[in-house]
There are 2 protein chains.
Amino acid sequence: MQVAANSTANPIGKYSFMKKKKTSLKDIAKEVGVSIATVSYVLSKGANSRVSVEMSEKIKKVAKELNYQPNQIAKSLKSGKTHTIGLIVADISNPFFAHIARIVEDEAAKLDYTVIFGSSDEKADKSWGLIKFLMNRQVDGFIIVPSEGSNDQIQYLEDHNKPYVLIDRRLPERESNYVVIDNHEVAYQAVKRLIDTGNERIGMIAYSNGLQHMRDRVSGYRMALQNHGISFDNSWLKAVNFDQVKEGVRAGIDDLLNGPKPIDAIFFATNTLAVEGLKYLDKLNVRVPDDISIVCFDQGDAFDFYYCPLTYVKQPLVTMSEEAVRILISQIDDPSLPKVQKSLQAELVIGKSCSGRLMADKN
Amino acid sequence: MQVAANSTANPIGKYSFMKKKKTSLKDIAKEVGVSIATVSYVLSKGANSRVSVEMSEKIKKVAKELNYQPNQIAKSLKSGKTHTIGLIVADISNPFFAHIARIVEDEAAKLDYTVIFGSSDEKADKSWGLIKFLMNRQVDGFIIVPSEGSNDQIQYLEDHNKPYVLIDRRLPERESNYVVIDNHEVAYQAVKRLIDTGNERIGMIAYSNGLQHMRDRVSGYRMALQNHGISFDNSWLKAVNFDQVKEGVRAGIDDLLNGPKPIDAIFFATNTLAVEGLKYLDKLNVRVPDDISIVCFDQGDAFDFYYCPLTYVKQPLVTMSEEAVRILISQIDDPSLPKVQKSLQAELVIGKSCSGRLMADKN
DNA sequence: AAGATATGCTTAATCGATTAATAATAAAAA
DNA sequence: TTTTTATTATTAATCGATTAAGCATATCTT
């Protein structure tokens, strides 16, 4: 008899506040009077059945009575799979990323995966911390919005054969899975719109990082100018630091507006920049589109209340996020699959925020 | 020798695409030539040291060389703790909840916890699914924005001694940990503001659920009317269903505006309702505050662009979320601690959206 | 020098599952 | 009747850690 040992091991006697312990295969086995293995075969294999029908029924019955729920931690340890994916975004409280997170969550849930998330704040070291943290928790794969300088982290995943999909941004220096939009093309279209509506001196407010999506948006901007015979003025492009969005945007706008030849229009490279920028323009009493034309990236409740319907780049967030999850999980299931690279097309939604000297918005 | 067994177990030979395997205590033990236990003592206990200094140094050195990262899954199985908390919100893509999520994430990270999140969509069955899912993954505790009808789920946690903290909303029928705001009081203040600024016929748009926070907001509204000698008209209170926010809000506003005696003001019970409502008022060309006075709950980028600075209820999100995490983790550490119930004070931020027939906003 | 205490490391059980290998029994085939 | 095959359940290893208990040596006591 092991009564003493049992009563020590069993917390119920010791701590009165412990009511129910989770039931394990062991509990069921003891109750039914069979081995743990038999119970496992019945409950995991279902009908495969090297077990007699009566025994099988009995075990299932007891399992239900004891409200058995398998311990996923134990399963994970054995299988090496956690059915969990790590999602690293820049900031979960930014609507753009929150939206992505929601879609990822739903799509993952459909495929029976859980999501663990973390915000990198655009900082490589924070991102490193998250990746290590999640690796130790044995997530099966990652969906990552990479920050600047996160190349070695990605290499780390590569070295450890951990599947991952980059989203929103890609790292051109390596061949990864990614799902992004064609930033160059849609930026081109956005700026073309500004030109078509009669603007000639077009400023851009972007982030100062060297990430490819930002480069592409800038290159689209510059090519649009060039192809339409507008020679780019270096002072038109304002690079804002992540850490000082507000100050950066304000300084940039001040510069753009107060030069000898003020600009006609501004192209904002992200929603955050646009929100700050539009707030500041409001403060300066600069009116859209009368005093200045605007095109920005992404939508959001925020813009719904803006007095002037904005012309903006609408990203296919749903497709992007769903694709990312699907690609990731397919590669978790079969790591030998080739890398997938998707560049989706974004849409320019025409509002009323562009109208230069030459003509009004044709909407 | 176990060469054959080893080469079978080791995937490197089998699948060429597998490059590095995570190093385990076993690998270090083999490399150094000691038992796994010794390695474990050195790496987990640090300086406690029943192990000689030289051996200890050697083990640490090899551990670093092999880039050892402990397997948290294995640790969890042994310890019964995952250092993970489950966060269940209504919808992570709603800025209100995304904001909470971000603060929870940061606070949890400080205390060395990971966050797994899920969106319930205000549906009890979805919430049930999430709770079971996360229970099976052995999260150490929950932070929950409870949906209507989720009482049995909470009971389930209670039965299984799983610590949890309700946030934003509480369930009055049971004694749980919770962190909420004093909804009655701040709703009272909000409506009082409408009355003080000269409004008499004051409508409210709320959700149709029976959750306590909603009841409290409604009771605050009614008491404010009553205490100021305004007799409440049943048709002033519009209850909107979660599933049909847009339609509900529009129908409600139509009713409020088109009766024989149209209302002067609307009190919106949440940010989502306010966003929909204000959009619709815009569409109807009803101007704030000239045609109608408004007070709403919560802030957000959205309202920053609204043409009229809104008077709104500002919830102490940071305190609320941080408190929730702290309470939860303290109870994970010591389940015998008494339940904690916090009702924080919210602030009414005065904008320019209230001005009735009697007087203008005194701002 | 005999027994007592320290020191330093190993053995083995454990967490809760999975699963290959095997044993025991019954039924079918020779 | 003996051998083969099916059926049904068990044993034991495993995943990667932790940790109580045990076993050698070495060092102190007196």
Side-chain angles (χ1 to χ4, degrees), chain A residues 2 4-6 8-11 21-59 63 66 68-83 135-138 140, chain B residues 2 4-6 8-11 21-59 63 66 68-83 135-138 140:
Chain A
Q2 302 266 6
N6 268 340
T8 310
N10 188 337
K21 226 191 72 192
K22 274 206 80 168
T23 71
S24 64
L25 289 186
K26 199 176 181 180
D27 301 323
I28 300 174
K30 198 186 292 172
E31 178 72 21
V32 179
V34 290
S35 73
I36 293 175
T38 306
V39 179
S40 174
Y41 280 121
V42 170
L43 297 180
S44 57
K45 292 294 171 353
N48 149 313
S49 229
R50 301 155 43 169
V51 183
S52 69
V53 182
E54 312 89 67
M55 183 57 81
S56 180
E57 291 306 319
K58 195 169 174 186
I59 288 173
L66 298 183
Y68 171 71
Q69 302 282 134
N71 181 326
Q72 295 295 339
I73 296 290
K75 273 193 169 169
S76 294
L77 181 58
K78 190 79 212 327
S79 67
K81 298 253 164 271
T82 54
H83 261 241
M135 280 289 279
N136 295 350
R137 273 172 177 63
Q138 317 296 121
D140 292 338
Chain B
Q2 302 266 6
N6 269 339
T8 309
N10 188 336
K21 228 189 71 193
K22 274 206 79 169
T23 73
S24 64
L25 290 187
K26 200 176 181 179
D27 301 323
I28 300 174
K30 199 185 292 170
E31 179 71 21
V32 178
V34 290
S35 73
I36 294 175
T38 306
V39 179
S40 174
Y41 279 122
V42 170
L43 296 181
S44 57
K45 291 295 170 356
N48 150 314
S49 236
R50 301 156 46 174
V51 183
S52 69
V53 182
E54 311 89 68
M55 183 58 79
S56 180
E57 290 307 318
K58 196 168 172 186
I59 288 173
L66 298 183
Y68 171 70
Q69 303 283 133
N71 182 324
Q72 295 294 339
I73 296 291
K75 272 193 170 172
S76 294
L77 181 58
K78 189 80 216 319
S79 67
K81 298 253 164 272
T82 54
H83 261 244
M135 280 289 278
N136 294 351
R137 272 170 177 63
Q138 317 296 122
D140 291 338

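Every chain is numbered from 1, with letters handed out A, B, ... down the list of sequences.
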Pairwise 5' ranking along DNA chain C for B:A74 and B:G33, keeping only the more 5' one: B:G33

Tell me the interatomic distance from [X], atom [atom1], to [N], atom [atom2], rounded to whole angstroms.
| X | N | atom1 | atom2 | value |
| --- | --- | --- | --- | --- |
| B:R137 | C:dG16 | CZ | C1' | 15 Å |
| A:Q72 | C:dT18 | CD | P | 9 Å |
| A:I73 | C:dA17 | CD1 | P | 11 Å |
| B:E54 | C:dG8 | CD | C1' | 10 Å |
| B:Q138 | C:dA17 | CD | P | 8 Å |
| A:K22 | C:dC15 | NZ | C1' | 13 Å |
| A:K30 | C:dG16 | NZ | P | 11 Å |
| B:K81 | C:dC15 | NZ | C1' | 13 Å |

Distance-minimising heavy-atom pair for A:M135 and B:K22: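 In this case the closest contact between A:M135 and B:K22 is O-NZ, 4.0 Å.
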
Minimal non-hydrogen separation, B:S40 against B:S44, with atom names: O-OG, 2.6 Å

Helical bend (five base pairs per end, nearest 10°) for the helix from C:dA1-D:dT30 to C:dA30-D:dT1: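 Its terminal axes enclose an angle near 70°.
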
Pairs under 3.5 angstrom, nitrogen or oxygen only, protein versus nucleotides 19-26 of chain C, please.
unit_1 : atom_1 : unit_2 : atom_2 : d
C:dT19 : OP2    : A:K45  : NZ     : 3.2
C:dA20 : N7     : A:Y41  : OH     : 3.1
C:dA20 : N6     : A:Y41  : OH     : 3.2
C:dA21 : N6     : A:R50  : NH2    : 2.9

Contact check, side chains of B:V51 and B:V34, non-hydrogen atoms, under 4.5 Å: no

Heavy-atom side-chain contact between A:V39 and A:V32 under 4.5 Å: no

For [X], which residues count as a side-chain hydrogen bond (donor to acceptor under 3.5 Å, both in side chains) partner, sequence neighbours excluded?
| X | value |
| --- | --- |
| A:T82 | A:D140 |
| B:S24 | B:D27 |
| A:Q69 | B:N136 |

B:S52 side-chain N/O to C:dC9 phosphate OP1/OP2 under 4.0 Å: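 Yes.
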
Listed partners of A:K75 passing side chain to side chain contact (heavy atoms under 4.5 Å, CB included), at least two apart: A:P70, A:Q72

Non-neighbouring partners of B:S35 that pass side chain to side chain contact (heavy atoms under 4.5 Å, CB included), sequence neighbours left out: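 Residues passing side chain to side chain contact (heavy atoms under 4.5 Å, CB included) with B:S35: B:A37, B:T38.
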
Touch class at under 4.0 angstrom, heavy-atom based, for A:S35 against every strand present: base

Shortest side-chain distance from B:L25, nucleotide among D:dT10, D:dT18, D:dG16: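 Selected nucleotide: D:dT18.
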
Residue closer to the 5' end of DNA chain D, B:Q69 versus A:M55 (nearest nucleotide):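 Comparing both residues, the 5'-ward one is A:M55.
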
